[in-house]
Amino acid sequence: MKKIEQAAAWLKKNYQLFRCPYCASAFRQPETKSLICQQGHSFDLSKKGTLYLLKKSYQTNYDDPALWQSRRKLLQAGLFTPIFAKIKDLLPTSSSRILDAGCGEGSALAYFAAERKKNDTLVGFDLAKSALNLATQLDSAAFFCEADLANLPFQTASFDAICDIFTPSAYQEFERVLVPGGRLVKVIPGPAYLAELRHLLYAENSGNYNYSNQKVKNLFFEHYPTAKELAVNYKFSLNSTTFQQLLKMTPLQWGASEARLTEVQQLTLPEITVDVVVLTAKID
């Protein structure tokens, strides 16, 4: 079955999760490969089976096929597997509706589908079309759409859990689309995240040489004072190929000078530190 046909079958079963991004009205049960809301706004599935649910287009530096191809290869090699495993342990134990905010190329949802085996309803959204096109190539039951964090095209109380991995948060919208008692899991970089690469790219006296996540953590705990914080820290081995993939997949390179980036591209690292903080809260 083609991707668009798989997505159409999924939508026919799960269309009630969504609402129109223009008028917030519910969608009618689809009879074709389109969603049409009660006010007549229509959204067509792409050939790859994704749904465009934005009110306007956005320009993003992340919409780079080379970045996502490199990230896919590294994630398949296990770069984030311990992070995905920690998130999995924090998700509801029963079959759930799970939303991946800023899902990228879809590896997290593919991991949950393979490891949870609970017939979950899995939805991912992102602004990067190239990432979503890659996500649809994975053999998973997840559904992917283009959507805006600040205007989520989902019904109120439509998800049991949201995971947010290295993505900005819209807490008011997250709270709206989560069921009462739903779970929010947010992953942010720790101070040592990719530190070896950061120190290669930037001078010690530059503002990018070190990183602090304190502001992000403080904001999370302002919203959710009873939240829990878990550290995940490990080393990931690299070779010349995976080092080049790491360079391509991370926005760390964007602030480096062209001269320094050229120098670093001739180097390699034997390993890289993956240091993250997993923040989790139950939404009342």
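Note that the coordinates shown come from a computational prediction; the quantities given were computed from them, not determined experimentally.
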Let me see the working for Asn239 and Thr268 under side chain to side chain contact (heavy atoms under 4.5 Å, CB included), right down to the final yes or no. CA-CA 7 Å; Asn239 56 37; Thr268 191; over 6 Å; no
How many angstroms lie between atom [atom1] of [X] and atom [atom2] of [Y], to the nearest 0.5 angstrom?
| X | Y | atom1 | atom2 | value |
| --- | --- | --- | --- | --- |
| Glu173 | Ile162 | CD | CD1 | 9.5 Å |
| Leu79 | Leu194 | CG | CG | 7.5 Å |
| Ile283 | Arg183 | CD1 | CZ | 8.0 Å |
| Leu230 | Ile87 | CG | CD1 | 11.0 Å |
| Asn213 | Asp275 | CG | CG | 8.0 Å |
| Leu134 | Arg72 | CG | CZ | 4.0 Å |

Spell out, as yes or no, whether a donor-acceptor pair under 3.5 Å connects the side chain of [X] to the backbone of [Y].
| X | Y | answer |
| --- | --- | --- |
| Ser95 | Asn119 | yes |
| Thr242 | Leu238 | no |
| Glu146 | Leu53 | no |
| Thr250 | Leu247 | no |

Atom [atom1] of residue position [X] - does it have more than 12 heavy atoms of other residues, nucleotides or ligands inside 6.0 Å?
| X | atom1 | value |
| --- | --- | --- |
| Lys117 | NZ | yes |
| Lys129 | NZ | no |
| Lys88 | NZ | yes |

Can [Y] be reached from [X] by stepping across I, L, V, M, F, W or Y side chains whose heavy atoms are under 4.5 Å apart?
| X | Y | answer |
| --- | --- | --- |
| Tyr224 | Val187 | no |
| Leu17 | Tyr22 | yes |
| Leu184 | Val232 | no |
| Ile188 | Leu75 | no |
| Val277 | Tyr211 | no |

Minimum heavy-atom separation for [X] to [Y], with atom names?
| X | Y | result |
| --- | --- | --- |
| Ser169 | Leu149 | N-CD1, 4.5 Å |
| Ala66 | Lys248 | O-CB, 4.5 Å |
| Leu122 | Leu109 | CD1-O, 3.7 Å |
| Ala157 | Val179 | O-CG1, 3.5 Å |
| Arg116 | Leu91 | NH1-CB, 3.5 Å |
| Arg176 | Phe154 | NH1-O, 2.8 Å |

With side chain to side chain contact (heavy atoms under 4.5 Å, CB included) as the test, pick out the partner of Ile4 among Asp44, Leu45, Thr50. Leu45
Which of these passes side chain to side chain contact (heavy atoms under 4.5 Å, CB included) with Ser42: Ile36, Leu35, Thr32? Ile36
Distance-only polar pair, side chains of [X] and [Y], donor-acceptor under 3.5 Å:
| X | Y | result |
| --- | --- | --- |
| Ser107 | Gln76 | no |
| Thr280 | Lys186 | no |
| Glu222 | Asn218 | no |
| Thr60 | Asp63 | no |
| Lys118 | Ser96 | no |
| Ser158 | Arg97 | no |

For the pair Gln265 and Leu261, evaluate side chain to side chain contact (heavy atoms under 4.5 Å, CB included) and give the outcome as yes or no after the intermediate values. CA-CA 6 Å; Gln265 287 170 342; Leu261 187 57; 3.9 Å; yes
Step by step, would you call Leu201 with Asn208 a side chain to side chain contact (heavy atoms under 4.5 Å, CB included)? CA-CA 9 Å; Leu201 289 169; Asn208 290 319; over 6 Å; no
Determine whether Phe80 and Tyr234 satisfy the following criterion, ring-ring contact (aromatic ring centres under 6.0 Å, His included), listing intermediate values before the conclusion. CA-CA 10 Å; Phe80 287 171; Tyr234 54 94; 8.3 Å; no
Determine, step by step, whether Thr241 and Gln245 satisfy the side chain to side chain contact (heavy atoms under 4.5 Å, CB included) criterion, reporting the C-alpha distance in whole Å, the side-chain angles of both residues, the deciding distance to 0.1 Å, and the verdict. CA-CA 6 Å; Thr241 299; Gln245 291 167 352; 3.7 Å; yes
What I'd like to find out is whether the side chain of [X] reaches to under 4.5 Å of the side chain of [Y], using heavy atoms alone.
| X | Y | result |
| --- | --- | --- |
| Phe143 | Asn14 | no |
| Ile165 | Phe84 | yes |
| Val185 | Val278 | yes |
| Tyr209 | His199 | yes |
| Leu200 | Arg260 | yes |
| Phe18 | Cys37 | no |
| Phe43 | Pro21 | yes |
| Tyr58 | Asp148 | yes |

Once the angle between the rings of Trp68 and Tyr62 is folded into 0 to 90°, is it parallel (under 30°), tilted (30 to 60°) or perpendicular (over 60°)? tilted
Name the orientation class of the two ring planes belonging to Tyr171 and His223 (parallel below 30°, tilted from 30 to 60°, perpendicular beyond 60°). tilted
Lys73/Glu105 salt bridge by N-O under 4.0 Å criterion: no
Once side chain to side chain donor-acceptor pair (under 3.5 Å) is applied, do any residues pair with Asn133, and if so which ones, sequence neighbours excluded? none
Tell me if the centroids of the rings in Phe166 and Tyr193 come within less than 6.0 Å of each other. yes
Aromatic ring centroids of Phe159 and Phe174 under 6.0 Å? no
Please assess Trp10 against Tyr15 for the test ring-ring contact (aromatic ring centres under 6.0 Å, His included), listing each intermediate value before the final yes or no. CA-CA 8 Å; Trp10 188 96; Tyr15 73 97; over 10 Å; no
